[in-house]
Peer 1: 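One structure, as structure tokens, below. Some questions next.
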Amino acid sequence: MINLTSVSHNFGNNNVLRGVSYKFEKNKYLVVGPSGVGKTTLLNIVGSIIKPSYGKVESNYKVGMIFQDFKLLNDFTVKENIELPLQINNLSTKYTEIINLLGIQHLINHYPDEISGGEKQRVAVARALASGAEFIIADEPTGNLDLENTKKILAIFEHIHKKFNIGFLVSSHDSIWENFCNIKLSIEDGVLTC
């Protein structure tokens, strides 16, 4: 689980999160709220990308991150993008099954600027899974995708959740994600509510 205890975070004088205590397990969470309310900050704290100003974060999950802009390296092939976190962390995960599951085996020698937005997002998902993630954080994962590709990503996430027992924390303005997630969280005035 990932346990947040009395987590607060400030940007200068702006108190974005206030005393957030919550326990994330391998469920499917959707966090909502208007832009600038602190959703991305919460995701970055849960994913240990940033440390909270106050409070404590404890995790025994290996966390993978999926970003709206994919964060793929343009000078690396799809295969190299997927392998990079494995090399950094000295992992030897076999990811052939993941590549086949996501239907990107024909893309592995292509570069990111040679593939579509939906394909880039599937590569980003493959990278997170190949690194052994047990819990995936996705910040606006379909914000740059059309409805058809959004539905494909939703179906992939659902399959991954069932097949690998992986938890998800998704931030999105798109109401379609309410069909995927079984726990809806919201942030208002820095407070997280269920």
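Along the sequence shown, residues are numbered consecutively beginning with 1.
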Peer 1: Taking the ring of Phe24 and the ring of Tyr29, is the distance between their centroids below 6.0 Å?
Peer 2: yes
Peer 1: Establish whether Ile183 and Leu43 are linked, either directly or via other cluster members, by ILVMFWY side-chain heavy-atom contacts under 4.5 Å.
Peer 2: yes
Peer 1: Just wondering, do Tyr61 and Met1 contact through their side chains at under 4.5 Å, heavy atoms?
Peer 2: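 Answer yes - side chains close enough.
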Peer 1: Tell me, do Val16 and Val37 make a side-chain contact under 4.5 Å, heavy atoms counted?
Peer 2: no
Peer 1: Report the C-alpha distance between Thr40 and Glu140 in whole Å, list the side-chain angles of each, state the deciding distance to 0.1 Å, and finish with yes or no for side-chain contact (heavy atoms from CB on, under 4.5 Å).
Peer 2: CA-CA 9 Å; Thr40 297; Glu140 293 286 352; over 6 Å; no
Peer 1: Find the distance between NZ (Lys28) and CG (Leu30) and round it off to the nearest 0.5 Å.
Peer 2: 11.5 Å
Peer 1: Roughly how far, to the nearest 0.5 Å, is CG of Asn109 from CD of Glu114?
Peer 2: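 Glu114 atom CD to Asn109 atom CG measures 10.0 Å (nearest 0.5 Å).
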Peer 1: In this structure, is the centre-to-centre distance between the rings of His159 and Phe157 below 6.0 Å?
Peer 2: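 No.
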Peer 1: Give the minimum heavy-atom separation between Arg127 and Phe70, together with the two atoms involved.
Peer 2: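 Looking at all heavy atoms of both residues, the shortest contact is NH2-O, 2.7 Å.
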Peer 1: After noting the C-alpha distance and the side-chain angles of Asn10 and Asn15, does the key distance pass the side-chain hydrogen bond (donor to acceptor under 3.5 Å, both in side chains) rule?
Peer 2: CA-CA 4 Å; Asn10 305 327; Asn15 193 227; 2.2 Å; yes
Peer 1: Applying side-chain contact (heavy atoms from CB on, under 4.5 Å), run through Leu73 and Leu84 and close with a yes or a no.
Peer 2: CA-CA 10 Å; Leu73 300 172; Leu84 191 60; 3.3 Å; yes
Peer 1: Can you confirm whether Ile99 sits close enough to Ile108 that some side-chain heavy atom of one is under 4.5 Å from a side-chain heavy atom of the other?
Peer 2: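 Yes. Closest side-chain heavy atoms under 4.5 Å.
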Peer 1: How far apart are the closest heavy atoms of Ile166 and His161, and which atoms are they?
Peer 2: O-ND1, 2.7 Å
Peer 1: Working to the nearest 0.5 Å, report the span between NZ of Lys79 and CG of Asn81.
Peer 2: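 Taking NZ in Lys79 and CG in Asn81, the distance rounds to 13.0 Å.
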Peer 1: Atom OG1 of Thr142 and atom NE2 of His173: how far apart are they, to the nearest 0.5 Å?
Peer 2: 11.5 Å
Peer 1: Looking at Ser116, is its backbone amide N or carbonyl O close enough to the side chain of Glu119 to form a donor-acceptor pair, meaning the two atoms are under 3.5 Å apart?
Peer 2: yes
Peer 1: Counting distance only, does the side-chain N/O of His9 pair as donor-acceptor with the main-chain N or O of Leu17 below 3.5 Å?
Peer 2: no
Peer 1: Considering non-hydrogen atoms only, spot the tightest contact between Gly47 and Val63 and give its length.
Peer 2: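 In this case the closest contact between Gly47 and Val63 is CA-CG1, 4.0 Å.
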Peer 1: What pair of heavy atoms forms the shortest contact from Met65 to Ala128, and how long is it?
Peer 2: O-CB, 4.4 Å
Peer 1: Verify, without hydrogens or angle tests, whether Glu58 (side chain) and Asn3 (backbone) share a donor-acceptor contact under 3.5 angstrom.
Peer 2: no
Peer 1: When hydrophobic residues are tied together by side-chain contacts of less than 4.5 Å, even through go-betweens, does Leu102 share a cluster with Tyr111?
Peer 2: no
Peer 1: Would you sort out whether Ser53 and Ser8 count as a side-chain hydrogen bond (donor to acceptor under 3.5 Å, both in side chains), showing the intermediate values?
Peer 2: CA-CA 6 Å; Ser53 303; Ser8 296; over 6 Å; no
Peer 1: Check whether any side-chain N or O of Glu158 sits under 3.5 Å from a backbone N or O of Ala155 as a donor-acceptor pair, and report yes or no.
Peer 2: no
Peer 1: Could you tell me whether the side chain of Ser6 and the main chain of Gly55 form a donor-acceptor pair under 3.5 Å?
Peer 2: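 Absent.
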Peer 1: Report yes or no: do Ile49 and Val31 belong to one cluster of Ile/Leu/Val/Met/Phe/Trp/Tyr joined by side chain heavy-atom distances under 4.5 Å?
Peer 2: yes
Peer 1: Is any side-chain heavy atom of Ile82 closer than 4.5 Å to a side-chain heavy atom of Ile98?
Peer 2: no
Peer 1: Just checking Phe164: does its CZ atom have more than 12 heavy atoms from other residues, nucleotides or ligands closer to it than 6.0 angstrom?
Peer 2: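 Yes - once you tally the heavy atoms of other residues, nucleotides and ligands closer than 6.0 Å, there are more than 12.
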Peer 1: Quick check: do Trp177 and Lys184 have side-chain heavy atoms less than 4.5 Å from each other?
Peer 2: no
Peer 1: Is there a donor-acceptor contact under 3.5 Å linking the side chains of Thr193 and Ser186?
Peer 2: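 There is such a pair between these side chains.
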Peer 1: Let me check something: do Ile176 and Ile160 share a hydrophobic cluster, defined by ILVMFWY side-chain heavy atoms less than 4.5 Å apart, either directly or through other members?
Peer 2: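 Same cluster: Ile176 reaches Ile160 through Ile, Leu, Val, Met, Phe, Trp or Tyr contacts under 4.5 Å.
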Peer 1: Just to verify, what does Lys163 make a salt bridge (charged side-chain N to carboxylate O under 4.0 Å, His left out) with, not counting sequence neighbours?
Peer 2: Glu97
Peer 1: Quick one: do Tyr54 and Phe11 end up in the same hydrophobic cluster if we chain Ile, Leu, Val, Met, Phe, Trp and Tyr together by side-chain heavy atoms under 4.5 Å apart?
Peer 2: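 Different clusters: Tyr54 never reaches Phe11 through Ile, Leu, Val, Met, Phe, Trp or Tyr contacts under 4.5 Å.
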Peer 1: Can you tell me how far the CG atom of Leu169 sits from the CD1 atom of Ile2, to the nearest 0.5 Å?
Peer 2: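 Taking CG in Leu169 and CD1 in Ile2, the distance rounds to 8.0 Å.
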Peer 1: Leu42 and side chain to side chain contact (heavy atoms under 4.5 Å, CB included): which partner among Leu4, Leu185, Val7?
Peer 2: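 Option passing the side chain to side chain contact (heavy atoms under 4.5 Å, CB included) with Leu42: Leu4.
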Peer 1: Which heavy atom of Lys39 sits nearest to which heavy atom of Ser171, and what is that distance?
Peer 2: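 In terms of heavy atoms, the two residues are closest at CE-OG, 3.5 Å.
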Peer 1: Mind listing the closest non-hydrogen atom pair of Leu145 and Gly118 along with its distance?
Peer 2: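 Scanning both residues, the minimum pair turns out to be CD2-N, 3.5 Å.
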Peer 1: If you count the non-hydrogen atoms of other residues, nucleotides and ligands that lie under 6.0 Å from NZ in Lys151, is the total more than 12?
Peer 2: no
Peer 1: Rounded to the nearest 0.5 Å, what separates atom CD1 in Ile115 from atom CZ in Arg122?
Peer 2: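 It comes to 8.5 Å.
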